[in-house]
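Shown next, in structure tokens, is the structure this report addresses.
Lettering of chains follows the sequences in order, A, B, ..., and the numbering in each one begins at 1.
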Number of protein chains: 2
Amino acid sequence: MNVKDLCLGALTFGDASGYDLKKFFETTFSHFCVAGYGSIYPALAELAAEGLVSCHEQPRQGRPGRKLYQLTAAGRKTFLQKLKKTAPRHTVKSDFLLSLYFAHLLPPQRLETILDERIAAIERQLSSHAQGKRRSAQEDDGPVGEKFVRGFGETVLTAARDYLRVHRHALITASDLHRQDKKSPCRGNHSRHGIHNS
Amino acid sequence: MNVKDLCLGALTFGDASGYDLKKFFETTFSHFCVAGYGSIYPALAELAAEGLVSCHEQPRQGRPGRKLYQLTAAGRKTFLQKLKKTAPRHTVKSDFLLSLYFAHLLPPQRLETILDERIAAIERQLSSHAQGKRRSAQEDDGPVGEKFVRGFGETVLTAARDYLRVHRHALITASDLHRQDKKSPCRGNHSRHGIHNS
DNA sequence: TGTGCCATGTAACGGGTTACATGATTGT
DNA sequence: ACAATCATGTAACCCGTTACATGGCACA
């Protein structure tokens, strides 16, 4: 699922401009995909050229008009197809975890910063989730999948935050004992047997 | 952190070939980054050209020799720099969650398949984690960050799996009630107010 | 007056995936 | 005999990020 497909999907909920779509992705899809203007606008142009969306421009004096995009029948069909055929992958890419894996090579306070910032970031996500929940509880209008996905996000984020809180201290003290940097090459910096399990 | 940096990081644990590195990434980093041969081999070639790794080839009759790569002092320094300076991002990209968000557009058994396959995938990851744990408990030789990162992965995966198990049925039945596809366009397929919160 | 939001787009660049191409060795 | 594993690499392609460029309107 690339940005084009994402746009088609979002447009199943109603017409929108590129700007609207970005906002929508940020509020609704934020914890499992991203899209910037640099990919959204070209995507919409291509979709229009392919006849999967139609574009209705509202002229504004002196500047480029606001463009409202609407899903066509072909666009809806295409999205449905994609939805059925796409393998539902789930991947995590985390420099955060990678960095922690190398805790023994990092200065202790850098380690603390990394942990604390991540905890803070999770908390921000959780509270913006909570806001979204309140909104949709009032309107009670979102798709049924929304609650499920939101619940999933909350559960996972909470578990992550709690783990970090509980084990934060242990990691910092343990990495202090095993630290390995230029200043104190106490135990030689090459392992005895290397990576390969041959 | 791109594949080049990943290779440098892995090589801090000992010399390895491109093939070894792929295996290492799969077993050790699997739940937070990926790298295929198509990126690893070019990366190693570039690193060698930049003097960040050295290459020692073991010739094999009739075929390209096995190439063992070793971190140079410059390579180690570069990796340490990157580690300190890189913003520790953590991003999830999930067609799985995206698909579930659109549960109301999917056939019910497709929904079941998606959920069951994800649960199964998580279980596979958890059991391969458990194997890794046994291995490193015997040798007691991994970096201190390894246990932490592994624990994090286990915690999060377990929470995810449990959530899916508990809410699986509810999603399927709820999406049945709200289903919206070509065959039964029961409630009109465009929302009253669209996406934008204006 | 200035900050932030609305609103659109382009262009260069970076970087990974997939498929292809090859072929010996080891285990069943 | 057949599959899996070891082992390296190339090239086309896909696709997203980042920075740039522009400018009015609303609110404090």
* Carefully, step by step, assess Ser128(B) and Arg124(B) under the rule side-chain hydrogen bond (donor to acceptor under 3.5 Å, both in side chains). => CA-CA 6 Å; Ser128(B) 77; Arg124(B) 277 195 301 276; over 6 Å; no
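- The nearest whole Å value for the distance from the NZ atom in Lys4(B) to the C1' atom in dG15(C) is 11 Å.
- In this structure, His56(B) places its NE2 atom 14 Å from P of dT8(D), rounding to the nearest Å.
- The shortest non-hydrogen separation linking His104(A) to Pro143(B) is CE1-CB, 3.4 Å.
- Taking the nucleotide of DNA chain D with the nearest heavy atom to each of Gly36(A) and Pro42(B), the more 5' of the two is matched to Pro42(B).
- Looking at the side chain of Arg89(A), the nearest of the listed nucleotides dT18(C), dG9(C), dT10(C) is dT18(C).
- Out of dT8(D), dC6(D), dT10(C), the shortest distance to the side chain of Lys23(B) is found at dC6(D).
- For Lys67(B), counting side-chain heavy atoms from C-beta on, the closest listed nucleotide (dG9(C), dT8(D), dT17(D)) is dT8(D).
- Of the listed nucleotides (dT10(C), dT8(D), dG15(C)), dG15(C) has the atom at the smallest distance from the side chain of Asn2(B).
- Under a cut-off of 6.0 angstrom, the local environment of NE2 in His56(A) is crowded, with over 12 non-hydrogen atoms contributed by other residues, nucleotides or ligands.
- What separates CD1 of Ile40(B) from C1' of dT8(D) is a distance of 12 Å, to the nearest Å.
- The separation between Tyr41(A) atom OH and dG16(D) atom C1' is 17 Å, rounded to whole Å.
- Of the listed nucleotides (dT17(C), dT18(D), dT8(D)), dT17(C) has the atom at the smallest distance from the side chain of Val34(B).
- Between the P atom of dT17(C) and the CG atom of Leu6(B) lies a distance of 11 Å, rounded to the nearest Å.
- When rounded to the nearest whole Å, the span between CG of Leu47(A) and P of dG9(C) equals 13 Å.
- Tyr69(B) does not carry Lys67(B) over the face of its six-membered ring by the limits of under 6.0 Å from the centre and within 45° of the normal.
- Set against dT8(C), dA7(D), dT17(C), the side chain of Ser39(B) has dT17(C) as its closest nucleotide.
- Checking dT18(C), dT5(D), dG16(C) against every side-chain atom of Tyr19(B), the shortest atom distance belongs to dT5(D).
- Classified by interplanar angle (parallel below 30°, tilted 30° to 60°, perpendicular above 60°), the ring pair Phe24(A)/Tyr101(B) is perpendicular.
- Going from atom CD of Gln58(A) over to atom P of dA7(C) covers 9 Å, rounded to whole Å.
- Gly38(A) comes within 4.0 angstrom of a nucleotide base, judged by non-hydrogen atoms across all strands.
- Following rounding to the nearest Å, Tyr37(B) (OH) and dA7(D) (P) show an atom-to-atom distance of 9 Å.
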